Amino acid sequence: MYAESPYSESIVTQTQQQFEREILEGLKQHPKRIHSKYFYDARGAELFEEICTLPEYYPTRTEIGILQTYLTEIAATIGPHARIIEFGSGEGIKTKLLLDHLDRPSVYIPVDISHLQLEATASILRQAHPGLEVLPLAQDYTVPIRLPKACSAFNRTVVFFPGSTIGNFEVQEAEQFLKMTTTLIGETGKLLVGIDLVKDRPTIERAYNDSEGVTAQFNLHLIERVRDELGANIDPRDFEHFAFFNEAESRIEMHLIVKRAFETMIAGERIVFSEGEHIITEYSHKFTLGAFEALAAKVGLKLEQVWQDEKKYFAEVLLGSVGD
Ligand code: AVI
């Protein structure tokens, strides 16, 4: 087991170079884009945690409610001595719930782009579960990953992907991600994933346009990062938060609208912003169970069990490989 962080500073530098490259690539596209994974530096993660507690943002508390109600049943389906791989490990409430309910889990591999968050979560879990081998992996999970080798034996692999983060992928990316999980779980493993369900437009739109403006701050934080980390002369006050439900694509779209025309140098290149121009910063897909089942079937995964809240706002879905 690791006694301290196995990650060197070079990973941090690499991540900064990737940030600069991808921001520039995105801002040269039409329409301009900034990938939603860049919300989550320390400040962004803090704002997201605040979003999760807002009255309008129903997904987090609804999913936690589902887990609290059904985890005994979910854990019984998973069985003892599982190896759990969790993507985007977040602040750990759902992880804690899962690990507390499972029967003697063997290995826990949290995968997250933020190594600071990972290490904090890992050390808490090592204390709470002395028999659990915790192997954090600081990596962008939108690209294929190589798992750290565990010393402990395990019965089956379960990929845990709560939070409806799968909805933040483009449809093709979601398919690729599901394909990658089929390789990780093999024939006997399971994928336990949280998905946000299609519901009435006002409920969905309110969740991304909260009255306190925290989601707006979260969105505008991307501009703060470009200003602070890439030394760009760019002002968040020149942008406006905009979020709406695109029914045809079944997704919330978050945009930043440019309020006044200006141009600025970003990482050595001149970028022109026109008045009224939109930067796409996030998609958050809302699924029907049928649509999610069809997506999973494309990569050979079948829906085995579904747990939902009473209002059917959110679903926790267990999938296995078709050959299982
Ligand atoms: C992380 N993800 C599932 C959130 C969502 O609802 O799509 C991110 C978020 N964006 C704005 N509010 C929350």
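Order of appearance sets the numbers: ligands from 1, and atoms from 1 within every ligand. Numbers here are sequence positions counted from 1. Just so you know, these numbers come straight off a predicted model, no measurement behind them.
- Polar contact with ligand 1: absent for Ser164 (N/O pair, distance under 3.5 Å).
- From the protein, the heavy atom lying nearest to atom 10 (N) of ligand 1 is Glu282 OE1, 2.6 Å.
- Of the N or O atoms in Lys286, none lie within a sub-3.5 Å distance of an N or O in ligand 1.
- In this view, Phe292 and Phe287 satisfy the ring-ring contact (aromatic ring centres under 6.0 Å, His included) rule, not counting sequence neighbours.
- Taking the six-membered ring for Trp and the full ring otherwise, Phe244 and Tyr208 have centroids separated by 6.0 Å or more.
- Contact annotation: for Phe48 versus ligand 1, heavy atoms closer than 4.0 Å belong to the side chain alone.
- Of all the heavy atoms of Asn168, the ones lying under 4.0 Å from any atom of ligand 1 belong exclusively to the side chain.
- Within the 6.0 Å centre-distance limit, the rings of Phe177 and Phe161 are counted as a close aromatic pair.
- The side-chain tip of Arg83 does not point at the ring of Tyr108 from less than 6.0 angstrom away and within 45° of straight on.
- Using a 4.0 Å cut-off between a side-chain N of Lys or Arg and a carboxylate O of Asp or Glu, Arg227 and Asp235 do not qualify as a salt bridge.
- Using a 4.0 Å cut-off between charged nitrogen and carboxylate oxygen, Lys259 and Glu240 do not count as a salt-bridge pair.
- Of all atoms in ligand 1, listed by their number and element, those nearer than 4.0 Å to a heavy atom of Tyr57 are 4 (C), 5 (C), 6 (O), 12 (N), 13 (C).
- Under the 6.0 Å cut-off for aromatic ring centres, Phe169 and Tyr283 do not qualify, their centroids lying 6.0 Å or more apart.
- Applying the 4.0 Å criterion to heavy atoms of Phe218 picks out, from ligand 1, the atoms 10 (N), 11 (C).
- Residue Thr165 has no nitrogen or oxygen atom sitting less than 3.5 Å from a nitrogen or oxygen atom of ligand 1, judged on distance alone.
- Separation of the His221 and Phe39 ring centroids does not fall under the 6.0 Å cut-off.
- Near Gly163, with a cut-off below 4.0 Å to any heavy atom, the atoms of ligand 1 are 3 (C).
- Atom numbering of ligand 1 starts at 1 in the shown order; those under 4.0 Å from a heavy atom of Ser284 are 5 (C), 6 (O), 7 (O).
- Inclusion of Tyr40 in the set of residues having an N or O under 3.5 Å from an N or O of ligand 1 is not warranted.
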